[in-house]
Asks: 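Would you mind keeping the following structure in view while I ask a few things?
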Amino acid sequence: MNHLIAPSILAADFANLQRDIEMINNSEADWVHVDIMDGMFVPNISFGFPVVAATKKHATKPLDVHLMIVEPDRYLKAFKDAGADGMTVHYEACPHLHRTIQAIKELGCRAGVALNPHTPVALLEDIIADLDMVLIMSVNPGFGGQKFIDNTYKKLNDLKELSKTKNPGLLIEVDGGVDQSNIGKLLQAGANVLVAGSSVFSSANPAVAISNLKHP
Ligand code: DX5
Ligand code: ZN
């Protein structure tokens, strides 16, 4: 498949959010990546339902909501109502992951599981067939603008292998430190959805930065 680009609005200018969303609308981006941080699962707090709903009001592309929160089950319906098209929960935050994934699907959303850098891909063996997407974190979640972790390539290879037999249509997303310098190698290793925050929004021309990621 052709890879998808999901700019992360965590790096947008929140005082000009409508402008930045319209930039994404008019770019070659495929999704809008929406980072939810609760100050518990991760040390940072980002934003909540009103900002997701405001984003949905202007976005013409699907909202890819990344839930970096404890007990995500409590909020799935609220994020769906706010406009989520896909929801990704963290493996490390879900003691009853199978139930959580079914709940996301019952809401009519694409269901994903994210793995922190230290969490092995092999732990997904008995859930991977139920997933629409796996998100490999290539930084420790919580902040934009961090340095890419090289072990990500090894994890992508592991995931590609596991998905071959168990879920060939799996979406494989990478999030954190993605830019023009590593996207080629990430695609080669099996990624097919690339999240990019700072490399897009710190660029002089974010729409061109998105286009460059779409056509590396
Ligand atoms: C990090 C978030 C990322 C973040 C990526 O916890 O999940 O989506 O926005 O930002 P960059 O691309 O700047 O690493
Ligand atoms: Zn994210």
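Each ligand, and each atom within it, is numbered from 1 in the order the structure gives. For the single chain, residues carry numbers from 1 onward in sequence order. A quick note: this is a predicted structure, and the numbers were derived from the prediction, not measured. Atom set for the values below is all heavy atoms of this structure, side chains included, hydrogens, waters and symmetry mates excluded.
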Asks: Less than 4.0 angstrom from a charged side-chain N to a carboxylate O is my criterion; do R19 and E22 meet it?
Replies: no
Asks: With the Zn ion (ligand 2) as the point of reference, which N/O/S atom of D35 is the closest?
Replies: OD1
Asks: Determine whether the side chain, the backbone, both or neither of S198 has a heavy atom under 4.0 Å from any heavy atom of ligand 1.
Replies: both
Asks: Show me which atoms of ligand 1 lie under 4.0 Å from any heavy atom of A196.
Replies: 12 (O)
Asks: Would you call G177 a ligand 1 contact, heavy-atom distance under 4.0 Å?
Replies: yes
Asks: Nearest to the Zn ion (ligand 2), which N, O or S atom of H66 do we find?
Replies: ND1
Asks: For ligand 1, which atoms, with element, lie under 4.0 Å from some heavy atom of G144?
Replies: 10 (O), 13 (O)
Asks: Would you mind listing every side chain to side chain donor-acceptor pair (under 3.5 Å) that reaches into residues 121-150, with sequence neighbours excluded?
Replies: none
Asks: Parallel, tilted or perpendicular: which fits the ring planes of F47 and F14, with parallel below 30° and perpendicular above 60°?
Replies: perpendicular
Asks: Check whether any N or O atom of S199, backbone or side chain, sits under 3.5 Å from an N or O atom of ligand 1, and answer yes or no.
Replies: no
Asks: Quick one: do D85 and K56 make a salt bridge, cutoff under 4.0 Å?
Replies: yes
Asks: Do any nitrogen or oxygen atoms of V195 lie less than 3.5 angstrom from nitrogen or oxygen atoms of ligand 1?
Replies: no
Asks: By atom name, which N, O or S atom belonging to D175 lies closest to the Zn ion (ligand 2)?
Replies: OD2
Asks: So, the side chain of N182 versus the backbone of D179: is there a donor-acceptor pair under 3.5 Å, distance only?
Replies: yes
Asks: Looking only at N/O atoms, are G197 and ligand 1 under 3.5 Å apart anywhere?
Replies: yes
Asks: Check each atom of ligand 1 against the heavy atoms of G145 and keep those under 4.0 Å away; list them by number with element.
Replies: 11 (P), 13 (O), 14 (O)
Asks: Counting heavy atoms not belonging to E28, are there more than 12 under 6.0 Å from its CD?
Replies: yes
Asks: Touching ligand 1 at all, G142? Heavy atoms, strictly under 4.0 Å?
Replies: yes
Asks: Same hydrophobic cluster for V195 and L170, using side-chain heavy-atom links shorter than 4.5 Å among ILVMFWY?
Replies: no
Asks: When you compare ligand 1 with N140, is there at least one nitrogen or oxygen pair between them that comes in under 3.5 angstrom?
Replies: no
Asks: Which protein heavy atom lies closest to atom 4 (C) of ligand 1, and at what distance to 0.1 Å?
Replies: D35 OD2, 3.6 Å
